[in-house]
Amino acid sequence: MSAQVQVIFATAVFLLTYAVIVSEKIHRAVAALVGAALLALTGIMNLEEAVHAIDFNTIGLLVGMMIIVGITRRTGVFEYLAVKAARRAKGEPLRIMAALSLVTAVLSALLDNVTTVLLIVPVTFAIAGQLQISPIPFLIAEIIASNIGGTATLIGDPPNIMIGSQTHLGFMDFVINLTPVVVVIYILTIFCLRIIYRRQLVSRPELQEKIMRMNEKDEIKDPVLLKKCLVVLCLTIAGFVLHQFLHLESSVIALSGASLLLLLTREDPEHVLHAVEWPVIFFFVGLFIVVGALEKVGVIEAVARFSLEITRGQLMPAAMLILWVSALASAFVDNIPFVATMIPLIHDMGRLGQMGNLDLLWWALSLGACLGGNGTAIGASANVVVIGMAEKRGVLITFISYLKVAFPLMLMSIIVSTVYLLFWYHYHGLISLVGTLVVGVVLGVLSIPLNKFLFSENKLSQGGLVKHKQV
């Protein structure tokens, strides 16, 4: 097969695989594996090249964290946190929405967003049922919060895992450089959601009392197992914080944590390994091979040269292009294959454009891909999972109804990210990070009196409703 034919065939296989993944007519793992098989059968990728294209650091990190979370979820600690948050919110629907969103965002940053929503959503339905209100505002808020929270750390969202694995960036690099802007975006987003849903999230005081009577301790199913899981989780997160200083890959930390938890709990490995989402793992394997073929035949380099011509080889225009293209693309297609394609592209842009430090481009890709997933109902895995769980319970969240709320909020988050990246570029260092955190704190403080002013009408209408019914 000639070089030109290889380019055409590899590109056609990539585009066809991508189209099938987007259409969801065939499971994305099957689509990726078939694409990889076609490239291997035609000789474009031999066995050695295919194995080399697979990023085993990403695979190992995913498997390790899936095992840890799979065992931990059986303790009931996630449900405990959700009920605890609802009670701390005094049973008020708007405050519950904010509280559940905060729990979702924090857990998504420390674990992964898909697992988080799988555990939080059932509790959300129970709470909404007690309050006799629609669960849709809670669910949409949790979807958005999961993607925002997952942006903050290396392990929070698959795009970040992939970026961290293919670069010199470690866990603390993500925390230090992305958490400040994520805090600002989260505060603005929750404030906007409270305004959007302030008239829908109204419940009677006697129903709120039912929430206050719930006991979060009842959710803990195995206290002994919980202690072991918390110890291993703390050690694993500490390992992530220190892995660059220890010169260990993040996958080594995750797999070591999983192995230690298996040893402490004496769980049957065959049973525990069912917690690993093997379709996701094989999806990554196939995808890495398909993208590796594009890199081998020179397609990635050609696109990189074209991108350099558009941005004239300047770092900031390149970052803005990556941020906005990633956000808009990730809103309508799965962000994982998109990021898998963009990583070698950015490497080639840096090499061809002789850009020394590419950190700005990696932060642009992370923010665009992770936050862009909030734009539509199919933008990220967490979105699809939550909407599917709601549909099974007879609650319909349509594509348009989600789009009307989430897409403007996604654009707002990307505008904030644009400002942050400009700030980061010109004032890189402690000043930019502290400045962003200060803005977040100021927004949080200002939101307290604004919330009281804006939502006092909500409480008055609620009180009027109760008095009218009593009369």
Value rounded to 0.5 Å, distance of [atom1] in [X] from [atom2] in [Y]:
| X | Y | atom1 | atom2 | answer |
| --- | --- | --- | --- | --- |
| Met45 | Leu47 | CE | CG | 10.0 Å |
| Leu33 | Ile26 | CG | CD1 | 12.0 Å |
| Ile127 | Met214 | CD1 | CE | 5.5 Å |

Tell me if a side-chain donor or acceptor on [X] pairs with a main-chain N or O of [Y] at a distance below 3.5 Å.
| X | Y | answer |
| --- | --- | --- |
| Asp157 | Pro159 | no |
| Lys228 | Thr265 | no |
| Asn383 | Thr376 | yes |
| His347 | Gln166 | yes |
| Asn177 | Asp173 | yes |

Point to revise | Cation-pi check, Arg393 onto Phe125 ring (under 6.0 Å, within 45° of axis) | key: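 Yes - Arg393 lies over the ring of Phe125, closer than 6.0 Å to its centre and within 45° of its axis.
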Review point. Does Arg204 pair with Glu209 as a salt bridge, N-O distance under 4.0 Å?
Key: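 No.
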**Study point:** Within 6.0 angstrom of His168 NE2, more than 12 heavy atoms from elsewhere
**Key:**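 Atom NE2 in His168 is crowded, with more than 12 foreign heavy atoms closer than 6.0 Å.
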**Study point:** Residues, nucleotides or ligands: over 12 heavy atoms within 6.0 Å of Lys90 NZ
**Key:**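 It does not: Lys90 NZ has 12 such atoms or fewer within range.
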Practice item. Show your working on side-chain hydrogen bond (donor to acceptor under 3.5 Å, both in side chains) between Asn57 and Ser165 and close with a plain yes or no. Key: CA-CA 6 Å; Asn57 189 45; Ser165 180; 3.1 Å; yes
Exercise for review: Under the salt bridge (charged side-chain N to carboxylate O under 4.0 Å, His left out) rule, collect the residues that match up with Glu49, sequence neighbours excluded.
Suggested key: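 Checked Glu49 against salt bridge (charged side-chain N to carboxylate O under 4.0 Å, His left out); matches are Lys296.
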**Study point:** Result of checking Leu360, Leu328, Thr418 against Leu323 for side-chain contact (heavy atoms from CB on, under 4.5 Å)
**Key:**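 Per the side-chain contact (heavy atoms from CB on, under 4.5 Å) rule, the option paired with Leu323 is Thr418, out of Leu360, Leu328, Thr418.
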Practice item. Take the angle between the ring planes of Phe282 and Trp278 and call it parallel below 30°, perpendicular above 60°, tilted in between. Key: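 Correct class here is tilted.
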Review point. When the ring centroid of Trp363 is compared with that of Tyr420, is the distance short of 6.0 Å?
Key: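 For Trp363 and Tyr420, the ring centres are not under 6.0 Å apart.
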**Study point:** Verdict with reasoning, Ser134 to Gln200, per side-chain hydrogen bond (donor to acceptor under 3.5 Å, both in side chains)
**Key:** CA-CA 8 Å; Ser134 171; Gln200 295 184 39; 5.6 Å; no
